[in-house]
Enquirer: 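Right, I'll just put the structure down here and ask away after.
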Amino acid sequence: MVSAREKLHSITKTLASGAGVFDPAFEAREIIREYAGDAALIGGGLDDPQTKLIDAAVSRRLNGEPLQYIFGKWEFYGFPFYVGEGVLIPRPETELLVDIAAERLGKNSLLIDLCSGTGCIPISAALKTGAKCYAVELYDAAFSYLTRNIALNRADVTAIQADATDGTLFPGLEFDAVISNPPYLTGTEMKSLMREVAHEPETALYGGEDGLGFYRALIPAWSARLSENGFMAVETGETQGPAVAEIMRESGLEPRIIKDYAGLDRVVTGEK
Ligand code: GLN
């Protein structure tokens, strides 16, 4: 038996010695909590199997792997999501897209999310609003996370493995909301990824040389699929708002740029 508090101190130090662990005390606490539970942190001890799991997690973390992949699960909008190699980790700022959808949708609404990854957006939107949600994801590994996360959350989401730039998917349906957090990093940004982000799939990050490739493909392809009072909402990088607003305008939608909780441009909506 080792005391959890002692272990907390020692792994905080170890993590602090590793390059680029941003908040060693926070991560050390999360690691102990993950493998030994909250109670351990208020005076408990760790048995051998717990200590082994904790040490293995610390050594993977020192290798630059994101904490979320090591745990295999992460929370978004208060709901649990499986994550791991091959799928983008849900980011807190992406919750803004769910808030925007939740303001406008109800039980009878239809939402489609493009480039879904873990499915954090359509699953949270379905659970929060009761809307019928659809999800499109191209890549095998990400699609398998998407279907597992739908099951985990028992969400009313229909998933399809397909290229989201094909605006003819789910023929005959008109959507009250078309939502996407597509890959949007530029060629230059891809060359200087943080160590953790470099573990995430390039296919979920790279938006073409200027980062705007997916907006140019998705917005015209899906603007025609909106219902009468429908809208699109896409996440963007913090400098991309005006360019994406212009793409919305070219597709006949009335754009608006919305800031995230850090005060940065983060979402562009387009009203029909
Ligand atoms: N926000 C992510 C990052 O900064 C990028 C996600 C995306 O390209 N959609 O790494």
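Order of listing sets the numbers, starting from 1, for every ligand and every atom in it. Quick note: numbers below take in every heavy atom, side chains included, and nothing from hydrogens, waters or symmetry partners.
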Enquirer: Check for me whether C115 has a heavy atom closer than 4.0 Å to any atom of ligand 1.
Expert: no
Enquirer: Out of T236, L185, L205, who is nearest to atom 4 (O) of ligand 1 when you count heavy atoms only?
Expert: L185
Enquirer: Ring centres of F170 and Y134 under 6.0 Å apart?
Expert: yes
Enquirer: Check this for me: does any side-chain nitrogen of one of K128 and E103 sit under 4.0 Å from a carboxylate oxygen of the other?
Expert: no
Enquirer: If you count the atoms of ligand 1 from 1 in the order shown, which ones are under 4.0 Å from a heavy atom of A204?
Expert: 7 (C), 8 (O)
Enquirer: Between T12, D55, T51, which is the residue that forms a side-chain hydrogen bond (donor to acceptor under 3.5 Å, both in side chains) with K7?
Expert: D55
Enquirer: Of the side chain and backbone of R91, name the one, both, or neither that has a heavy atom under 4.0 Å from an atom of ligand 1.
Expert: side chain
Enquirer: Starting from atom 1 (N) of ligand 1, find the nearest protein heavy-atom neighbour and note its residue, name and distance.
Expert: Y184 OH, 3.0 Å
Enquirer: Can we say R61 and E27 salt-bridge, meaning some charged N sits less than 4.0 Å from an Asp/Glu carboxylate O?
Expert: yes
Enquirer: Salt bridge check: are R104 and D176 linked by an N-O gap of less than 4.0 Å?
Expert: no
Enquirer: Considering only heavy atoms of P182, which atoms of ligand 1 have at least one such atom less than 4.0 Å away?
Expert: 7 (C), 8 (O), 9 (N)
